[in-house]
Amino acid sequence: MPQFTPGNSLVAKNRRKFLDPKQKLQKLRDIAEEDVVRLLGHRAPGEAYKSIHPPIEEMEEPECSVREMVKPTPGAAAGDRIRYVQYTDSMQFAPATPRIRPMMWYNRYRGIDPGVLSGRTIVEARERDMEKIAKEYTDNETFDTARTGLRGRTVHGHSVRLDERGMMFDALRRWAFDERTGDVRYVKDMVGGAMDKEVTLGKPLPEEDLKKRTTMFRNAQGGVWLEGDDPEVADVISEIHWNRTWGGFQPFIKRDAIKGNKGVGVKGMKLYTPRGGVE
Amino acid sequence: MAKIVDKVDLYDDRGSKLVGNVPLTAISPLRNPAIRKICSLTARSAAVDLAGLESRLKTGAIAGKQMVIRGKSLSLDIVGKAKDIANQVKEMLEVEAGDETKVDVMSGGKRLLVQVPAARILADYSAAKTNTCAALTHAVIDTFKVDMWHAPDVKGAVWGMYPQDPAMTGSVVATLVDVPISNEGPGYTLRNIPVNHIAATVRKRAIPGAALSMILEEAACYEMGDAVGPFERGHLLDLAYEGLNANNILYTMVKENGQDGTLADVVYSCVEKAKKDGLIKPKQKLGSGYTVYGTDDLQMWNAYAATGMLAAVMVNCAALRAGQAVPSSIMYFNELIEHETGLPGVDYGKCQGASVSSSFFSHSIYGGGGPGVFHGNHIVTRHAKGQFIPCFCAAMCIDADTLYFTPARTSALIGEVLGAIPEFAEPMKAVAEGAKQIM
């Protein structure tokens with residue numbers, strides 16, 4: 001049974017929940033598959049998948065034992081194009097964080113190519129496989145309609161202050177806030193292009209709820225402070241760095257032989273930053 | 001050589017045992033005859049583009065497309081006289097009659113495969129290229145009786161932009177390894193071979209591809225001074241387990257996770273295997289119940305992790321049937337295994353570090369490269385020593401031609417030429433046979 005990642009805090013528990021494929025993530029909304037296709041903008045709703053090679057079964061594959069042992073995903077088997085979905089997570093208590101997303105997807109999906117860039121996380125996959133991920137992760141608790149963005153380009157906003165309704169900044173104004181119902185609607189697709197129909201994603205989660213669901217340590221605005229509130233996580237990170245340095249120096253000696261070795265973590269570490277950070 | 005007592009069983013790419021109880025020292029690039037032959041041929045082999053030479057002289061495009069001298073034109077039937085030219089070149093390159101010099105005419109005279117004898121390399125492997133260029137220049141001048149006034153054109157067309165450009169841009173003589181000035185640093189010669197060349201050579205079979213790629217990478221580590229004294233054991237363990245499927249761990253991990261496993265499942269298989277073999281043990285249980293693991297043999301842990309990393313790349317990229325996911329797979333294999341155990345990732349963090357920049361360079365974020373043209377002689381790949389590039393080669397073997405730079409596009413000729421040499425075509429079998437000879 002994998003242990004995924006250390007920590008005793010709510011944030012650490014949420015991280016383990018996201019990473020553990022045996023735990024089902026809560027579905028908060030049910031966006032129609034057709035609307036997910038609309039939001040992605042890669043193909044028109046109802047349009048057939050385009051392919052970049054014939055179905056694997058019709059191809060003459062090299063006599064490679066790895067190809068024989070590893071089953072292609074449905075999209076790869078059909079020869080689909082490789083397409084992407086990309087999310088921006090606000091550092092103001094969005095449920096997911098850029099670093100947790102690939103770890104989560106790699107625990108839950110085969111045949112994917114995720115990557116973290118400045119302020120956004122992309123995942124590329126064969127088109128039908130990617131659409132499945134896009135649907136699941138726009139529907140479930142990793143996505144909040146105010147703090148998470150579906151953004152193919154001009155992604156920035158993750159570290160920007162929120163507006164008066166708690167919405168994350170979007171330079172392309174893909175979303176519109178319905179003051180009457182409190183719903184967030186997408187009026188443009190992922191890359192800011194026109195859509196034939198608006199897509200309603202629903203109401204943002206209350207602030208308290210977001211703080212309960214987040215996977216982000218944040219020593220500000222009442223968040224969980226990694227070093228102060230969950231030192232176990234810092235201890236394991238410190239252990240990894242100790243071990244990396246040991247390997248970089250002399251991997252053939254015993255760890256105990258290194259002067260200054262104090263076991264796991266840094267005992268009695270003095271924290272200079274006050275609780276709540278420095279505003 | 002420092003005392004290394006480890007022994008391994010070597011298996012092939014289908015999980016069949018090739019040879020058991022092999023002392024680790026028997027797969028050392030300094031001792032194993034097959035590895036020595038692979039490295040020697042890599043440094044001594046050259047491909048000559050005779051058809052290209054003929055058209056350059058005819059059009060005046062002396063050193064390639066943009067290096068045209070208008071009004072210059074020499075009509076020489078070089079392809080037609082390929083056999084005569086080959087004989088002359090061979091005669092000039094031979095040191096002793098009947099030595100290993102080889103000059104073969106290929107593709108109806110359009111190309112030559114040249115193998116310069118080892119005796120010509122006194123200190124610098126560039127002798128393979130310079131001697132081939134010089135012999136070819138003279139053979140063409142002699143065959144066609146080119147006069148003193150036109151001989152410099154032939155010289156320019158053969159040598160390319162040398163000496164203005166010491167990298168000899170535009171030369172019709174291509175070697176697998178590049179000239180020393182193109183190396184990122186001392187000892188990088190054998191790391192300067194794009195993985196597509198290797199993928200094409202093994203006919204796109206992922207496990208032999210990774211093996212050949214790792215043989216060259218690890219041989220380079222010896223030449224870089226990275227594998228001396230007590231560090232050598234680490235390199236040999238990495239080569240054995242990741243590159244040569246030692247104890248069948250690589251094959252088993254791919255097979256176990258092939259049908260429905262994710263990349264993370266390979267991470268957990270790797271950790272379980274290390275626990276089962278007594279390599280890692282609980283070091284401390286923390287408050288949340290999380291256990292930090294420790295090991296008494298960090299070099300062996302690195303070899304297990306490197307094997308897991310290659311298996312993870314194979315499982316994820318083969319499920320996608322695309323090579324592009326290789327940097328991401330390397331990154332998160334290491335991220336997940338470090339967070340699962342508290343132990344360091346492959347090459348003590350260096351593979352993960354190199355994977356970040358590799359993602360940028362392989363996804364058209366910074367420049368227009370692709371994983372197929374990657375090699376270990378580059379600023380974004382060179383930091384991990386030996387374990388990193390074989391993953392790229394495996395990924396390109398598994399790719400269903402989804403990328404721009406495919407092995408067929410970039411490396412068809414090299415694949416055809418090298419694939420005909422048994423040590424290149426079946427490197428795992430050759431190394432096992434070589435080990436048997438010196439055990």
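Just so it is clear, the model here is predicted, and its values are computed rather than measured. Letters go in sequence order (proteins before strands), and every chain restarts at 1.
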[X], [atom1]: over 12 other non-hydrogen atoms inside 6.0 angstrom:
X: B:Lys275; atom1: NZ; result: yes
X: A:Glu61; atom1: CD; result: yes
X: A:Lys135; atom1: NZ; result: yes
X: A:Lys211; atom1: NZ; result: yes
X: A:Glu47; atom1: CD; result: yes

Among [options], single out the residue with the greatest number of heavy-atom pairs under 4.5 Å to chain A.
options: B:Gly289, B:Ser328, B:Ala264; value: B:Ser328
options: B:Leu298, B:Asp260, B:Asp297; value: B:Leu298
options: B:Ala312, B:Ala206, B:Gly342; value: B:Gly342
options: B:Thr341, B:Asp265, B:Val315, B:Ile398; value: B:Ile398
options: B:Val356, B:Asp347, B:Val267, B:Leu336; value: B:Leu336
options: B:Leu286, B:Val254, B:Asp13; value: B:Leu286

Any side-chain heavy-atom pair from [X] and [Y] closer than 4.5 angstrom?
X: B:Arg321; Y: A:Arg67; answer: yes
X: B:Pro344; Y: A:Trp242; answer: no
X: A:Pro2; Y: B:Glu340; answer: yes
X: B:Asn302; Y: A:Pro251; answer: no

Separation between [atom1] of [X] and [atom2] of [Y], rounded to the nearest 0.5 Å:
X: B:Asn257; Y: A:Lys71; atom1: CG; atom2: NZ; value: 13.0 Å
X: B:Phe360; Y: A:Leu117; atom1: CZ; atom2: CG; value: 5.0 Å
X: B:Asp296; Y: A:Asp256; atom1: CG; atom2: CG; value: 7.5 Å
X: A:Met69; Y: B:Glu256; atom1: CE; atom2: CD; value: 11.0 Å
X: B:Tyr348; Y: A:Trp246; atom1: OH; atom2: CH2; value: 8.5 Å
X: B:Tyr268; Y: A:Met1; atom1: OH; atom2: CE; value: 9.0 Å

Side chain from CB out, backbone as N, CA, C, O: work out which of these in [X] comes under 4.5 Å of a heavy atom of chain A, or both, or neither.
X: B:Gln284; value: side chain
X: B:Tyr251; value: both
X: B:Cys397; value: backbone

Quiz item: Given A:Ile112 and B:Leu320, is the side chain to side chain contact (heavy atoms under 4.5 Å, CB included) satisfied, shown in steps?
Solution: CA-CA 7 Å; A:Ile112 53 168; B:Leu320 183 63; over 6 Å; no
Self-check item: Part of A:Ile82 within contact of chain B (heavy atom distance under 4.5 Å)
Solution: side chain
Exercise. Answer with side chain, backbone, both or neither: which region of A:Arg255 has an atom nearer than 4.5 Å to a non-hydrogen atom of chain B?
Key: side chain
Exercise. Could you tell me whether B:Arg14 and A:Glu68 have a side-chain N and a carboxylate O separated by less than 4.0 Å?
Key: yes
Between [options], the one whose heavy-atom pairs under 4.5 Å with chain B are most numerous:
options: A:Lys13, A:Glu239, A:Arg81, A:His241; value: A:Glu239
options: A:Gln250, A:Met59, A:His53; value: A:His53
options: A:Ser9, A:Pro62, A:Pro114; value: A:Pro114
options: A:Val116, A:Val70, A:Asn8; value: A:Val70

Self-check item: Nearest non-hydrogen partners of B:Ala319 and A:Ala76, listed with the distance
Solution: O-CB, 3.4 Å
Quiz item: Do you know the tightest heavy-atom contact between A:Val66 and B:Ala318?
Solution: CG1-CB, 4.0 Å
Quiz prompt | Steps toward side chain to side chain contact (heavy atoms under 4.5 Å, CB included) verdict (B:His363, A:Asp113) | solution = CA-CA 11 Å; B:His363 285 66; A:Asp113 181 17; 2.7 Å; yes
Quiz item: Which residues, numbered in order, of residues 226-235 of chain A come under 4.5 angstrom of chain B by heavy-atom distance?
Solution: A:Glu232
Quiz item: Listed by residue number, which members of residues 99-110 of chain A have a heavy atom under 4.5 Å from any heavy atom of chain B?
Solution: A:Arg99, A:Pro102, A:Met103, A:Tyr106, A:Asn107, A:Arg108, A:Tyr109, A:Arg110
Self-check item: Working for side chain to side chain contact (heavy atoms under 4.5 Å, CB included), residues A:Val264 and B:Lys283
Solution: CA-CA 9 Å; A:Val264 177; B:Lys283 177 177 173 179; 4.1 Å; yes
Exercise. Determine yes or no for a side-chain-to-main-chain donor-acceptor pair under 3.5 angstrom, with A:Gln3 supplying the side chain and B:Thr291 the backbone.
Key: yes
Quiz item: Can you check side chain to side chain contact (heavy atoms under 4.5 Å, CB included) on A:Arg244 and B:Glu338, steps first, answer last?
Solution: CA-CA 10 Å; A:Arg244 283 179 167 193; B:Glu338 286 185 338; 2.9 Å; yes
